[in-house]
Visitor: 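Here it is: the structure, laid out below.
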Amino acid sequence: MAVRVVVGCQWGDEGKGKIVDLLSRDIDIVARYQGGPNAGHTVVHEGHKTILHQIPSGILHPQTVCCLGNGVVIDPRVLFEEIQMLEDNGVSVAGRLFISQKAHLIMPYHRAIDEAAEAQAGKMKIGTTGRGIGPAYTDKYQRSGIRIVDLLDRESLEQKLRANLADKNRLLKNYYESGELDVNRIVEEYVAFDDDVDPYIKDVSVYLHRAIKEKKNVLLEGAQGTLLDIDHGTYPFVTSSNPTAGAAATGVGVGPRVITDVVGVLKAYTTRVGNGPFPTEIDEPLQSQFREWGGEFGATTGRARRCGWLDLVIARYAVRINSVDYWAITKLDVLSHLDEINVCTGYKIKGELVEEFPSEPWLLDEIEPVYETLPGWKTDISDIREYRQLPYQCRNYLDYIVDNTGVPVRYASVGAEREAIVPFRGAV
């Protein structure tokens with residue numbers, strides 16, 4: 001029995017979808033513990049690309065049940081579009097997807113406020129996806145959110161919706177100078193949604209508790225990454241929830257002691273989407289070359305990702321925050337284009353060497369990365385499936401990561417396809 005957490009260890013977009021898909025071959029249940037449809041998990045199999053925003057990529061394995069936990073915020077329209085896409089592609093979802101009755105819903109007013117707030121923020125904008133995730137979490141913590149369970153009582157649902165909409169319309173009209181939303185249309189839409197979602201509602205906490213007692217294998221996945229965590233990320237340029245491993249138990253309703261191991265997903269270089277500090281960001285023209293080599297465009301938004309060298313200060317920080325047991329390294333093949341590869345091992349701030357990631361946001365813009373330069377391997381590795389077949393320089397690069405983080409590598413992804421994985425000794 002294993003209860004494994006898969007967590008992103010940079011600014012998201014590390015390739016967690018592929019790693020979840022890989023591990024799901026031997027997993028009974030995959031449950032997502034936070035985030036919303038701003039996630040974009042991509043799996044490529046036999047040339048066909050599947051992009052999932054809310055449903056875990058474990059759904060592509062017919063024996064695997066997938067759950068959306070109480071820590072997730074759900075956009076009904078995106079969810080059912082995704083279900084329909086899977087069904088159209090021959091992936092049966094019935095009886096294999098469950099949603100916690102405690103999960104909060106993203107409402108149309110959340111999306112409207114998200115877009116209006118970003119438009120008004122100017123240079124201070126966060127760079128959100130505009131999907132309404134932040135405002136949905138805001139309502140959750142202001143105790144005015146609409147949960148799945150609220151759909152079960154139509155009279156209560158309508159009362160809550162009308163009260164919320166009156167408040168949100170005032171905000172949209174008077175503060176954001178934006179158009180108001182149609183109260184009656186939204187009430188009708190979400191009352192109708194109740195019938196559609198009924199077959200998927202389950203007490204996910206109870207379901208997982210019983211599965212763990214029965215010694216089933218469970219995988220808990222997060223969206224985004226450690227440096228986007230609301231508490232531990234580069235605040236305020238962060239997401240609205242906790243993608244870090246500590247939130248996994250809370251986000252699905254199990255006790256933390258059932259977790260057996262934590263898989264840290266680390267891209268072989270670094271990317272981030274949106275605004276905020278990025279110490280190892282690469283200058284042009286190499287920036288655009290990285291983007292082309294790695295297909296670095298957001299799976300959810302299509303936005304170009306910012307690209308930079310691997311940052312081992314961030315990697316060590318992620319190890320500390322998440323208790324990472326082993327690494328899954330992704331996009332190693334992208335580095336095959338380079339004669340030399342820079343790796344950030346520390347920071348200089350005002351001339352002083354710093355080996356830990358700073359908390360003070362005003363220091364993040366003053367970081368001077370300290371680099372070590374390693375030799376590249378300049379050969380295509382996308383067809384390699386055994387560690388010993390990797391070029392010496394490539395193995396040296398992976399050993400360097402292990403030596404500087406104290407965490408072993410279990411898997412290295414060498415291409416976009418599902419099968420493009422090099423397992424290391426001890427891989428499970």
Side-chain angles (χ1 to χ4, degrees), residues 4 6-10 12-27 30 39-52 56-64 89-91 219 221 225 263-271 289-299 305 307 310 315 326-338 341 374 376-402 407-428:
R4 185 166 291 131
V6 173
V7 61
C9 291
Q10 292 154 315
D13 305 310
E14 300 94 350
K16 295 180 293 297
K18 178 173 180 175
I19 301 306
V20 170
D21 174 68
L22 169 72
L23 298 176
S24 295
R25 295 177 303 185
D26 304 309
I27 292 290
V30 179
H41 291 177
T42 304
V43 177
V44 181
H45 180 53
E46 296 180 350
H48 178 74
K49 181 187 289 187
T50 302
I51 300 175
L52 295 159
S57 53
I59 200 73
L60 301 176
H61 293 269
Q63 86 288 351
T64 304
N89 284 284
V91 179
L219 189 152
E221 67 156 28
V263 185
V265 185
L266 190 74
K267 193 177 285 188
Y269 49 100
T270 310
T271 61
Q289 289 178 311
F290 257 87
R291 197 174 291 138
E292 180 183 349
W293 296 334
E296 295 298 351
F297 298 90
R305 295 176 185 141
C307 299
L310 180 64
Y326 56 88
W327 294 120
I329 305 294
T330 59
K331 294 203 172 182
L332 187 62
D333 56 303
V334 173
L335 299 181
S336 298
H337 297 272
L338 299 167
I341 302 166
L374 302 180
W377 44 93
K378 289 293 287 186
T379 186
D380 184 11
I381 61 173
S382 59
D383 291 328
I384 292 176
R385 299 294 180 265
E386 294 184 25
Y387 172 73
R388 62 184 177 83
Q389 294 177 345
L390 290 170
Y392 166 76
Q393 298 91 335
C394 185
R395 285 181 275 135
N396 180 59
Y397 186 77
L398 295 170
D399 288 343
Y400 195 85
I401 295 172
V402 173
V407 173
V409 174
R410 280 278 178 86
Y411 303 97
S413 172
V414 293
E417 282 279 346
R418 171 187 278 176
E419 295 78 14
I421 286 284
V422 177
F424 288 30
R425 181 179 298 175
V428 291

Visitor: Between Leu60 and Arg418, is there a side-chain heavy-atom distance shorter than 4.5 Å?
Guide: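 With C-beta onward as the side chain, the pair touches.
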Visitor: Val414 versus Arg385: any side-chain heavy-atom pair under 4.5 Å?
Guide: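 The answer is yes, as the side chains (C-beta and beyond) meet within the 4.5 Å cut-off.
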Visitor: Taking salt bridge (charged side-chain N to carboxylate O under 4.0 Å, His left out) as the criterion, tell me which of Arg305, Arg291, Lys331 meets it with Asp13.
Guide: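 Between Asp13 and the candidates, salt bridge (charged side-chain N to carboxylate O under 4.0 Å, His left out) is satisfied uniquely by Arg305.
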Visitor: State, yes or no, whether a side-chain contact exists between Val91 and Thr50 at a heavy-atom distance under 4.5 Å.
Guide: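 Not touching, per the 4.5 Å side-chain cut-off.
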Visitor: Working to the nearest 0.5 Å, report the span between CG of Leu335 and CD1 of Ile341.
Guide: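 Rounded to the nearest 0.5 Å, the CG-CD1 separation comes out at 4.5 Å.
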Visitor: Side chain to side chain contact (heavy atoms under 4.5 Å, CB included) with Glu14: which residues, sequence neighbours excluded?
Guide: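 Scan of Glu14 (side chain to side chain contact (heavy atoms under 4.5 Å, CB included), adjacent residues dropped) gives Gln10, Lys16, Val265.
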Visitor: Only counting residues at least two apart or in another chain, list the ones meeting side-chain hydrogen bond (donor to acceptor under 3.5 Å, both in side chains) with Asp383.
Guide: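 Asp383: no side-chain hydrogen bond (donor to acceptor under 3.5 Å, both in side chains) contacts found.
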Visitor: Closest approach of Ala328 and Val263, non-hydrogen atoms and distance?
Guide: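 Nearest pair, atom of Ala328 first, then Val263: CB-CG1, 4.2 Å.
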Visitor: Among residues at least two apart in sequence or on other chains, which ones pass ring pair (Phe, Tyr, Trp, His ring centres under 6.0 Å) with Phe290?
Guide: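 Result, ring pair (Phe, Tyr, Trp, His ring centres under 6.0 Å) vs Phe290: Tyr269, Trp293, Trp309.
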Visitor: I'd like to know if the side chain of Glu221 reaches the main chain of Gly17, judged simply by a donor and an acceptor atom lying under 3.5 Å from each other, with no hydrogens or angles considered.
Guide: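 Side chain of Glu221 to backbone of Gly17: no pair is present.
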Visitor: Mind checking side-chain hydrogen bond (donor to acceptor under 3.5 Å, both in side chains) for Lys18 and listing every partner two or more places apart, or none if nothing turns up?
Guide: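 Ser413.
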Visitor: Check whether NZ of the Lys or CZ of the Arg Arg410 lies under 6.0 Å from the centre of the six-membered ring of Tyr326 and within 45 degrees of that ring's axis.
Guide: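 Yes, a cation-pi geometry holds between Arg410 and Tyr326.
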Visitor: Is there side-chain contact between Leu266 and Leu310, with heavy atoms separated by less than 4.5 Å?
Guide: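 With C-beta onward as the side chain, the pair touches.
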Visitor: Out of curiosity, Gln393 CD to Thr379 OG1, how far, rounded to the nearest 0.5 Å?
Guide: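 It comes to 9.5 Å.
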Visitor: Apply side chain to side chain contact (heavy atoms under 4.5 Å, CB included) to Gln389 and list each qualifying residue two or more places apart in sequence or on a separate chain.
Guide: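 Gln389 satisfies side chain to side chain contact (heavy atoms under 4.5 Å, CB included) with Ile384, Glu386 once adjacent residues are dropped.
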Visitor: Could you pull out all residues at least two apart from Leu22 that satisfy side chain to side chain contact (heavy atoms under 4.5 Å, CB included)?
Guide: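 Checked Leu22 against side chain to side chain contact (heavy atoms under 4.5 Å, CB included); matches are Arg25, Tyr411, Ile421.
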Visitor: Shortest non-hydrogen contact from Cys394 to Leu332?
Guide: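 Heavy atoms only, the tightest pair is SG-CD2, 3.4 Å.
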Visitor: Can a donor-acceptor pair be found, under 3.5 Å and without considering hydrogens, that links the side chain of His61 to the backbone of Asp21?
Guide: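 A pair under 3.5 Å: yes.
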Visitor: Using a 4.5 Å cut-off on heavy atoms from C-beta on, say whether the side chain of Thr64 contacts that of Ile59.
Guide: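 Not touching, per the 4.5 Å side-chain cut-off.
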Visitor: Looking at residues at least two apart in the chain, or sitting in another chain, which of them share a side-chain hydrogen bond (donor to acceptor under 3.5 Å, both in side chains) with Ser336?
Guide: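 Ser336 satisfies side-chain hydrogen bond (donor to acceptor under 3.5 Å, both in side chains) with Trp377 once adjacent residues are dropped.
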Visitor: At their closest point, which heavy atom of Gln63 faces which heavy atom of Ile27, and how far apart are they?
Guide: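 Scanning both residues, the minimum pair turns out to be NE2-O, 3.5 Å.
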Visitor: Looking only at heavy atoms, what is the nearest atom pair of Cys9 and Gly264, with distance?
Guide: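 Smallest heavy-atom distance, with atoms named: SG-CA, 3.6 Å.
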Visitor: Roughly how far, to the nearest 0.5 Å, is CZ of Phe424 from CZ of Arg388?
Guide: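 Answer for the CZ-CZ pair, Arg388 versus Phe424, is 13.5 Å.
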Visitor: Locate the shortest heavy-atom distance separating Leu374 from Tyr397; write the atom from each residue and the value.
Guide: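 Leu374 and Tyr397 have their closest heavy atoms at CD1-CD1, 3.7 Å.
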Visitor: Can you give me the closest heavy-atom contact between Val30 and Pro56, atom names plus distance?
Guide: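 Here Val30 and Pro56 meet closest at CG1-CB, 3.5 Å.
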Visitor: Does some side-chain heavy atom of Leu398 sit less than 4.5 Å from a side-chain heavy atom of Leu390?
Guide: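 Touching, per the 4.5 Å side-chain cut-off.
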Visitor: According to side-chain hydrogen bond (donor to acceptor under 3.5 Å, both in side chains), who are the partners of Thr271, at least two apart in sequence or on a separate chain?
Guide: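 Partners of Thr271 under the side-chain hydrogen bond (donor to acceptor under 3.5 Å, both in side chains) test: Lys267.
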